[in-house]
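Take a look at the structure below.
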Protein chains: 2
Amino acid sequence: MNDRRMEILDAAEALVRERGAGHLTLDAVAARVGYSKGGLIHRFPNKVALIEAMIDRVIDEVDSEHRALRAETDGRANADLLAVIERERRMPEADADLRRGLLVAAAEQPDLLARPRAYIAERFRAVREQADDPVWATLLLFAAEAPGLFELMGLYELPADERRALFDRLAALAAGNADDEEAEA
Amino acid sequence: MNDRRMEILDAAEALVRERGAGHLTLDAVAARVGYSKGGLIHRFPNKVALIEAMIDRVIDEVDSEHRALRAETDGRANADLLAVIERERRMPEADADLRRGLLVAAAEQPDLLARPRAYIAERFRAVREQADDPVWATLLLFAAEAPGLFELMGLYELPADERRALFDRLAALAAGNADDEEAEA
DNA sequence: TCGGTCAAACCGACCAGTCGGTCGGAATTA
DNA sequence: TAATTCCGACCGACTGGTCGGTTTGACCGA
């Protein structure tokens, strides 16, 4: 039952990863998972439902990663920001392929972005709420998110060493002293 | 001659803006510009050529905006970074719609992203090269780019006042003191 | 001024392929 | 035996691209 659905989602993810969102067709998914199209439709009534399920699964995974990291930073100042930075630092490129595909697929059906949008808004809200200096926290948050976004769109990839240096700096800034970095300003 | 091509590009842009990249079909463009499909193909041999031309035009426009701002910051430290920040601060949302559409269209044909990718890489390289502290400059650069990227993907929109506050801070940090903000670290 | 010529510009019916979704029925399971 | 699961041929809509033909207008010789 749910196993079957998971198999289908696995196949769909693999397709998006390997061939891009444009090749995510019901026939291709069915062929890959060893189903017929009819069988596929039996589990997901239509393509939108399939994409929704894929997005839900990705978000659930991201969320659980975040919670795990968040548990480690609990109690410290800017706990959420630190967790976000750490998660972005570790994000494997393979995931970027998948997420890009999903976003491309979702871009045609903007309502599919509702869940990711809500998730991101909530995350950002929490970061700002925790911060002594919300503007500074937002700045660090955005700086931490940007590399992943650029990779997501296939527009830019920071060299590995500079990437590391950037996240080291971000982590230090977010950890040590949340609101006096630009005291000279 | 070129006027006609521009008319066609205008129509294609309007379509992407209003209805999304998924509705960018040759028939739709032809109908909008008052051409037949044959006449359209006479100007752009195929759809990829059309999208390429659209991307080229957008990049040219972005580049000229950047050059104009860059002229104002010339001579100052981190001149390119300051210009980027200022351009991002002013970017109208209308442009985001178009660029998102183009990116979605291009995502299916990754080679179409070659020009934007090269342009971005060059811009970032310049910013880092100018900086006394490249990591810090990269951090500010990414923080400045992220809001536009989130809008581009339709994933998040910073409230106007916080957006303003963020860019004010960014401009101040990039201008005043390029490498001692985190002296305490 | 006028008729003719030719290339560029443009037309639109048509083709071939793709894709989401349907449906009647077969197989499997409880 | 009844319900669930699955099959796969088929349909209809859409789209990128083709192609034979028509229109337009600049140029030319008489």
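Side chains included, hydrogens not; waters and symmetry mates left out as well; all remaining heavy atoms used. A, B, ... follow the sequence lines: proteins, then strands. Residue 1 opens every chain.
- Position along DNA chain D of the nearest nucleotide to B:Asn46 versus A:Gly34 favours A:Gly34 as the more 5'-ward residue.
- In this structure, the CD atom of B:Glu7 is 14 Å from the P atom of C:dA9, given to the nearest Å.
- Put simply, the side chain of B:Lys47 and the base of D:dG17 share no donor and acceptor less than 3.5 Å apart.
- The CZ atom of B:Arg5 sits 15 Å away from the C1' atom of C:dA8 (whole-angstrom rounding).
- One finds a side-chain N or O of A:His42 lying less than 4.0 angstrom from the OP1 or OP2 phosphate oxygen of D:dT5.
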Next item on the list: For the pair A:Arg89 and A:Asp168, evaluate salt bridge (Lys or Arg N to Asp or Glu O under 4.0 Å) and give the outcome as yes or no after the intermediate values.
Entry: CA-CA 9 Å; A:Arg89 185 216 294 269; A:Asp168 285 346; 2.7 Å; yes
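- Residue pairs meeting the ring pair (Phe, Tyr, Trp, His ring centres under 6.0 Å) criterion with at least one member in residues 141-169 of chain A, sequence neighbours excluded: A:Phe124-A:Phe142, A:Phe142-B:Phe150, A:Phe150-B:Phe124, A:Phe150-B:Phe142, A:Tyr156-B:Phe124.
- The distance from atom CZ of A:Phe44 to atom C1' of D:dT5 is 15 Å, rounded to the nearest whole Å.
- Between the C1' atom of C:dG21 and the CG atom of A:Leu50 lies a distance of 14 Å, rounded to the nearest Å.
- The CD1-C1' distance, from A:Ile51 to C:dC19, rounds to 13 Å in whole Å.
- Among B:Arg123, B:His66, B:Arg125, B:Arg128, the single residue meeting the side-chain hydrogen bond (donor to acceptor under 3.5 Å, both in side chains) criterion with B:Asp80 is B:His66.
- The interatomic distance linking B:Lys37 (NZ) with D:dT22 (C1') rounds to 19 Å, in whole Å.
- Taking CD of B:Gln130 as the reference point, atom CZ of B:Arg76 lies at 12.0 Å (rounded to 0.5 Å).
- Between the OH atom of B:Tyr35 and the C1' atom of C:dA9 there is a distance of 8 Å, rounded to whole Å.
- A salt bridge is absent between B:Glu65 and B:Arg90: the closest approach of a Lys/Arg side-chain nitrogen to an acidic carboxylate oxygen does not fall below 4.0 angstrom.
- DNA chain D lies under 4.0 Å from at least one heavy atom of each of the following residues of residues 20-31 of chain B: B:Leu24, B:Thr25, B:Leu26.
- In terms of modelled atom types and a separation under 3.5 Å, the side chain of A:Lys37 and the main chain of A:Val29 share no donor-acceptor contact.
- Computed from coordinates, the A:Arg4 CZ to D:dT4 C1' distance equals 12 Å when rounded to whole Å.
- Judged as a ring pair (Phe, Tyr, Trp, His ring centres under 6.0 Å), not a single pair has a partner in residues 73-121 of chain A (not counting sequence neighbours).
- For A:Ser36, a side-chain nitrogen or oxygen approaches OP1 or OP2 of D:dC7 to under 4.0 Å.
- Distances shown here put a side-chain N or O of A:Arg43 below 4.0 Å from the OP1 or OP2 atom of D:dC6.
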